[in-house]
Student: 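Let me give you the structure first, and then I'll get to my questions.
Predicted, not measured: the structure shown is a model, and the values here were computed from it.
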Amino acid sequence: MPREQKEMIIRNVQLFFEEERSETLGNIAAESIVDFMLKELAPHLYNKGVADARNLLMQKMSQIEDECYALEQPIR
């Protein structure tokens, strides 16, 4: 993950804790939370993305197969 993106997420975590929990988090604490969440959530989110892509691909392949059958000429 690019450093700028991670820094933005860290700021968002700090803002969330400030607004929702009235707690102030330093950069190190917020970064620790972000690192933990990435480690725990990333594999699940990645696998969900792969499953979604696979399902979309299967739908598109089915459509292509249907279109190929529609191109066939009738034989008498």
Student: For Met37 and Ile9: C-alpha separation, side-chain torsions, deciding distance, then whether side chain to side chain contact (heavy atoms under 4.5 Å, CB included) applies.
Tutor: CA-CA 11 Å; Met37 297 306 284; Ile9 294 170; over 6 Å; no
Student: Which atom pairs, one a donor and one an acceptor, fall under 3.5 Å between side chains of residues 54-76 and the rest of the protein, sequence neighbours left out?
Tutor:
| from | atom 1 | to | atom 2 | distance (Å) |
| --- | --- | --- | --- | --- |
| Asn55 | ND2 | Ala51 | O | 3.4 |

Student: Take Gln14 and Asn27 through the side chain to side chain donor-acceptor pair (under 3.5 Å) test and state the conclusion after the steps.
Tutor: CA-CA 8 Å; Gln14 290 172 311; Asn27 284 344; 2.9 Å; yes
Student: Would one find more than 12 heavy atoms of other residues, nucleotides or ligands at under 6.0 Å from atom CD1 of Ile28?
Tutor: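 Atom CD1 in Ile28 is not packed in, count stays at 12 or less.
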Student: Sort and list the pairs that fulfil side chain to side chain donor-acceptor pair (under 3.5 Å) and have at least one residue in residues 34-43, not counting sequence neighbours.
Tutor: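 Found Lys6-Asp35.
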Student: Hey, quick one: are Leu45 and Val34 part of the same hydrophobic cluster, counting side-chain heavy atoms closer than 4.5 Å, chains of contacts allowed?
Tutor: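 Yes.
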Student: List, by chain and number, the other hydrophobic cluster members for Met8, where Ile, Leu, Val, Met, Phe, Trp and Tyr join if side-chain heavy atoms come within less than 4.5 Å, directly or indirectly.
Tutor: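 Direct or chained contacts put Met8 with none.
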Student: Report the residues that fulfil side-chain hydrogen bond (donor to acceptor under 3.5 Å, both in side chains) with Asn12, sequence neighbours left out, ordered by chain and then residue number.
Tutor: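 Here no residue qualifies.
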Student: When the side chains of residues 15-23 are checked against the rest of the protein, which donor-acceptor pairs come out under 3.5 Å, sequence neighbours left out?
Tutor:
| from | atom 1 | to | atom 2 | distance (Å) |
| --- | --- | --- | --- | --- |
| Glu18 | OE1 | Thr24 | OG1 | 3.0 |
| Arg21 | NE | Glu23 | OE2 | 2.9 |
| Arg21 | NH2 | Glu23 | OE2 | 3.0 |

Student: Look at Arg3 together with Glu31 and state whether they make a salt bridge at an N to O cut-off of under 4.0 Å.
Tutor: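 Yes, this pair counts.
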Student: Residues two or more places apart in sequence or in another chain: which of them pass side-chain hydrogen bond (donor to acceptor under 3.5 Å, both in side chains) with Lys48?
Tutor: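 Asp52.
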Student: Kindly work out whether a path of hydrophobic side-chain contacts (I/L/V/M/F/W/Y, heavy atoms less than 4.5 Å apart) joins Tyr46 to Leu38.
Tutor: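 In one cluster: no.
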Student: Between Val13 and Ala30, what is the shortest heavy-atom contact and its length?
Tutor: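 It is CG1-CB, 4.3 Å.
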